[in-house]
Amino acid sequence: QVQLVESGGGSVQTGGSLRLSCAASINFDSLECVVWFRQVPGKEREGVAARNTGGIMMYAESVKGRFTISQDSAKNIVYLQMNSLKSEDTATYYCAADRAWCGLDRRIPRPLDLDYWGQGTQVTVSS
């Protein structure tokens, strides 16, 4: 079983930045697809950013130009750099991954498409 662990969440003011990290129990190169989701109570889990091992990156419209997903292969960590944060970015952020390829249609996978999940990290943006 693959384990994912997120870190880096916290509280930040509007316009600030945070960098989330996702560490895995196996090499990320063995996971064809990595996705960051977020969820607020009472709402469905929303795909924020995704990347595949081919280097294709996908973003939700709401975060394009502000969020960046990247991978540090040496550290075996996938990051989500979040800049110009808004109050509506407040959510629990989850890292998810799968051994299957994603991104053929350039769309962020659905939650049910991912087999492995972290426990989540809370991000709170306030004015």
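From a predicted model like this one, the values you see are computed outputs, not experimental measurements.
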Does [X] reach the side chain of [Y], with side-chain heavy atoms less than 4.5 Å apart?
| X | Y | answer |
| --- | --- | --- |
| Arg99 | Leu31 | yes |
| Thr124 | Val12 | no |
| Leu85 | Thr14 | no |

- [ ] Return each pair, listed once, that meets ring pair (Phe, Tyr, Trp, His ring centres under 6.0 Å) where at least one residue sits in residues 88-115; pairs must be two or more places apart or across chains.
- [x]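 Found none.
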TODO: Examine the side chains of Gln39 and Thr92 and answer whether a donor and an acceptor come within less than 3.5 Å of each other.
DONE: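 Per modelled atom types, Gln39 and Thr92 side chains form no pair under 3.5 Å.
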Task: Side-chain donor-acceptor pair present, Asn76, Gln71, cut-off under 3.5 Å - done: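 Side chains of Asn76 and Gln71: no pair found under 3.5 Å.
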TODO: Take atom CD of Glu44 as the centre, draw a 6.0 Å sphere, and report whether it contains more than 12 heavy atoms from other residues, nucleotides or ligands.
DONE: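 It does not: Glu44 CD has 12 such atoms or fewer within range.
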Open item on the list: Please determine whether the number of non-hydrogen atoms from other residues, nucleotides or ligands lying under 6.0 Å from atom CD of Gln122 exceeds 12.
Closed with: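 Atom CD in Gln122 is packed in, count exceeds 12.
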Task: For Thr121, all residues meeting side chain to side chain donor-acceptor pair (under 3.5 Å), sequence neighbours excluded - done: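 By the side chain to side chain donor-acceptor pair (under 3.5 Å) rule, Thr121 matches no residue at all.
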Between [atom1] on residue [X] and [atom2] on residue [Y], distance to nearest 0.5 Å:
| X | Y | atom1 | atom2 | result |
| --- | --- | --- | --- | --- |
| Ser17 | Gln81 | OG | CD | 5.5 Å |
| Cys33 | Leu114 | SG | CG | 5.5 Å |
| Arg51 | Phe28 | CZ | CZ | 10.0 Å |
| Ser127 | Gln13 | OG | CD | 8.0 Å |

To check you understand the geometry: which heavy-atom pair defines the closest contact between [X] and [Y], and what is its length?
| X | Y | result |
| --- | --- | --- |
| Asn52 | Gly103 | ND2-CA, 4.3 Å |
| Cys95 | Glu6 | N-OE2, 2.7 Å |
| Trp36 | Cys22 | CZ2-CB, 3.6 Å |
| Ala24 | Leu4 | CB-CD2, 3.6 Å |

Open item on the list: Given Val123, which partner from the list Thr90, Leu20, Leu80 fulfils the side-chain contact (heavy atoms from CB on, under 4.5 Å) test?
Closed with: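 The option that passes is Leu20.
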Could you tabulate the donor-acceptor pairs under 3.5 Å formed by side-chain atoms of residues 57-69, not counting sequence neighbours?
residue: Tyr59; atom: OH; partner: Ile69; partner atom: N; Å: 2.9
residue: Glu61; atom: OE2; partner: Lys64; partner atom: NZ; Å: 2.8
residue: Ser62; atom: OG; partner: Arg38; partner atom: NH2; Å: 3.4
residue: Arg66; atom: NH1; partner: Ser84; partner atom: O; Å: 2.9
residue: Arg66; atom: NH1; partner: Asp89; partner atom: OD2; Å: 2.7
residue: Arg66; atom: NH2; partner: Ser62; partner atom: O; Å: 2.9
residue: Arg66; atom: NH2; partner: Asp89; partner atom: OD1; Å: 3.0
residue: Arg66; atom: NH2; partner: Asp89; partner atom: OD2; Å: 3.4

Task: Partners passing ring-ring contact (aromatic ring centres under 6.0 Å, His included) against Phe37 (at least two apart in sequence or in another chain) - done: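 Listed in chain order: Trp117.
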Task: Under 3.5 Å donor-acceptor, Asp98 side chain and Asp115 backbone - done: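 Yes, because the side chain of Asp98 sits within donor-acceptor range (under 3.5 Å) of the backbone of Asp115.
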- [ ] Check whether any side-chain N or O of Ser25 sits under 3.5 Å from a backbone N or O of Gln3 as a donor-acceptor pair, and report yes or no.
- [x]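 Yes, because the side chain of Ser25 sits within donor-acceptor range (under 3.5 Å) of the backbone of Gln3.
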TODO: Indicate if Ile108 and Val48 have the same hydrophobic cluster label, given that clusters are the connected sets of ILVMFWY residues with side-chain heavy-atom separations under 4.5 angstrom.
DONE: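 Looking at the clustering, Val48 is in a separate group from Ile108.
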Task: Verify same cluster id: Tyr116, Val78 (apolar side-chain graph, 4.5 Å) - done: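 Yes; Val78 is reachable from Tyr116 via cluster members.
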Task: By side chain to side chain contact (heavy atoms under 4.5 Å, CB included) - contacts of Val40 (at least two apart) - done: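 Scan of Val40 (side chain to side chain contact (heavy atoms under 4.5 Å, CB included), adjacent residues dropped) gives Lys43, Ala91.
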TODO: Could you list who else is in Tyr79's hydrophobic cluster, with ILVMFWY side chains joined at under 4.5 Å, directly or through other members?
DONE: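 Result for Tyr79 is Ile77.
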TODO: In sequence, state the C-alpha distance, the side-chain angles, and the governing distance for Cys102 and Glu32, and then conclude on side-chain contact (heavy atoms from CB on, under 4.5 Å).
DONE: CA-CA 7 Å; Cys102 66; Glu32 296 288 345; over 6 Å; no
